[in-house]
Chemist: 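Take this structure, written in structure tokens, and hold onto it; I'll ask about it next.
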Amino acid sequence: MAPKVKQDIVTRDFTIHLSKRIHKMQFKRRAPRAVKEIRIFAQKAMQTEDVRIDSALNKYVWKCGVKNVPTRVRVRLSRKRNEDEDAKHPLYTWAQLLEVDSFKSLQTETVIDTA
């Protein structure tokens with residue numbers, strides 16, 4: 001089989017289960033670790049080294065303090081081209097928060113841009 005060729009620009013919605021990723025973590029390290037785990041998840045899902053986290057997503061993780069991190073978070077990961085010519089990596093991932101009422105029966109979805 002031929003190796004998979006990844007598309008340049010793609011956007012997907014994911015649900016990240018944060019509590020299983022920060023299980024048995026010290027209270028003072030829970031929120032910073034959750035942000036790092038979101039970054040690691042995005043690197044694996046979108047195959048990019050450069051991951052940028054939106055400030056709204058960061059505030060959502062930190063909204064209840066350092067030790068009371070939300071159980072789950074719904075994120076939109078967008079792989080985009082790097083505009084900077086001196087950039088180390090040609091692509092980067094932009095992680096944004098998606099507000100949802102319930103996490104029940106949500107699956108990974110590919111977002112199709114109509115623009």
Side-chain angles (χ1 to χ4, degrees):
M1 287 183 72
K4 281 188 176 179
V5 177
K6 64 180 176 184
Q7 291 178 318
D8 269 356
I9 299 170
V10 68
T11 302
R12 293 189 187 105
D13 296 343
F14 293 94
T15 301
I16 303 175
H17 192 115
L18 290 177
S19 65
K20 78 174 186 181
R21 296 172 193 277
I22 60 168
H23 181 66
K24 291 195 173 182
M25 191 56 48
Q26 248 180 27
F27 281 152
K28 295 285 185 181
R29 297 182 183 170
R30 288 174 79 88
R33 179 59 171 258
V35 174
K36 287 177 192 168
E37 289 294 330
I38 291 171
R39 193 176 302 273
I40 290 168
F41 180 88
Q43 285 176 351
K44 287 181 182 176
M46 303 302 266
Q47 289 106 25
T48 60
E49 290 292 319
D50 187 10
V51 177
R52 301 170 190 178
I53 295 179
D54 188 33
S55 61
L57 178 57
N58 190 43
K59 286 179 185 176
Y60 180 79
V61 171
W62 282 87
K63 76 177 180 181
C64 293
V66 71
K67 70 179 184 177
N68 296 320
V69 177
T71 306
R72 287 179 176 85
V73 64
R74 185 80 172 166
V75 294
R76 174 167 287 166
L77 300 179
S78 305
R79 186 170 51 216
K80 299 181 177 183
R81 283 192 201 97
N82 217 336
E83 299 298 326
D84 188 18
E85 292 142 6
D86 300 335
K88 219 182 212 184
H89 308 288
L91 300 172
Y92 71 94
T93 300
W94 179 246
Q96 297 172 298
L97 174 68
L98 284 180
E99 294 284 342
V100 292
D101 295 333
S102 174
F103 291 100
K104 298 288 184 186
S105 68
L106 288 176
Q107 295 182 343
T108 300
E109 299 172 353
T110 301
V111 178
I112 299 168
D113 293 331
T114 57

Chemist: Only counting residues at least two apart or in another chain, list the ones meeting side chain to side chain donor-acceptor pair (under 3.5 Å) with E37.
Modeler: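 So E37 forms a side chain to side chain donor-acceptor pair (under 3.5 Å) with R33.
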Chemist: To the closest 0.5 Å, what do you measure between CG (L77) and OG1 (T48)?
Modeler: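 Those atoms lie 8.5 Å apart.
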Chemist: Considering non-hydrogen atoms only, spot the tightest contact between A34 and L18 and give its length.
Modeler: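 Closest approach of A34 to L18: O-CD2, 4.1 Å.
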Chemist: What about V69 and M25, same hydrophobic cluster or not, with Ile/Leu/Val/Met/Phe/Trp/Tyr joined at side-chain heavy-atom distances under 4.5 Å?
Modeler: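 As far as the 4.5 Å side-chain criterion goes, M25 and V69 are connected within one cluster.
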Chemist: With the 4.5 Å side-chain cut-off for hydrophobic clustering, are I40 and V75 part of the same group?
Modeler: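 Shared cluster, no.
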Chemist: Out of curiosity, does W94 fall in the hydrophobic cluster containing V61 (side-chain heavy atoms, cut-off under 4.5 Å, transitive links)?
Modeler: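 V61 and W94: separate clusters.
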Chemist: Would you name the heavy atoms of R21 and F41 that are closest together and state the gap between them?
Modeler: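 Heavy atoms only, the tightest pair is NH2-CD1, 3.4 Å.
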Chemist: Taking everything shown except R29 itself, do over 12 heavy atoms lie less than 6.0 Å from its CZ?
Modeler: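 No, CZ of R29 has 12 or fewer neighbouring heavy atoms, counting only those of other groups under 6.0 Å.
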Chemist: Any link between V73 and V66 through a network of hydrophobic side chains (Ile, Leu, Val, Met, Phe, Trp, Tyr) touching at under 4.5 Å?
Modeler: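 As far as the 4.5 Å side-chain criterion goes, V66 and V73 are connected within one cluster.
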Chemist: Can you tell which of T93, V111, T11 makes a side chain to side chain contact (heavy atoms under 4.5 Å, CB included) with S78?
Modeler: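 For S78, the side chain to side chain contact (heavy atoms under 4.5 Å, CB included) check succeeds only for T11.
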Chemist: Which atoms form the tightest heavy-atom contact between G65 and A31, and what is the distance?
Modeler: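 So the two residues come closest at O-CB, 4.1 Å.
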Chemist: How many angstroms lie between atom CZ of R74 and atom OH of Y60, to the nearest 0.5 angstrom?
Modeler: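 It is 12.0 Å, given to the nearest 0.5 Å.
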Chemist: Please round to the nearest 0.5 Å and tell me the distance separating atom CD1 of I53 and atom CD1 of I38.
Modeler: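 Reported to 0.5 Å precision, the distance equals 5.5 Å.
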Chemist: Once rounded to the nearest 0.5 Å, what's the spacing between atom CD of Q96 and atom CG of L57?
Modeler: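 Output value for this atom pair is 9.0 Å.
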Chemist: What distance do R39 atom CZ and E49 atom CD have between them, rounded to the nearest 0.5 Å?
Modeler: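 Here the interatomic distance stands at 11.5 Å.
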Chemist: Once rounded to the nearest 0.5 Å, what's the spacing between atom NZ of K80 and atom OH of Y92?
Modeler: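 So the gap between those two atoms works out to 4.5 Å.
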Chemist: One pair to check against side chain to side chain contact (heavy atoms under 4.5 Å, CB included): D50 and L91. What are the steps and the verdict?
Modeler: CA-CA 7 Å; D50 187 10; L91 300 172; over 6 Å; no
Chemist: Go through it in stages, so that I can follow the logic: the residues are T15 and H17, the test is side-chain hydrogen bond (donor to acceptor under 3.5 Å, both in side chains), and I'd like the CA-CA distance, side-chain angles, deciding distance and then a yes or no.
Modeler: CA-CA 7 Å; T15 301; H17 192 115; over 6 Å; no
Chemist: Please check if L98 and L106 belong to a single hydrophobic cluster, counting links between Ile, Leu, Val, Met, Phe, Trp and Tyr side chain heavy atoms closer than 4.5 Å.
Modeler: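 No, no single cluster joins them.
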Chemist: Taking the side chain as C-beta and beyond, is there a heavy-atom pair between L97 and D54 under 4.5 Å?
Modeler: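 Contact flag for L97/D54 side chains = no.
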Chemist: Return yes if some donor-acceptor pair links the side-chain N/O of R79 with the main-chain N/O of M46 below 3.5 Å, else return no.
Modeler: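 Flag set: sc R79 to bb M46 pair under 3.5 Å.
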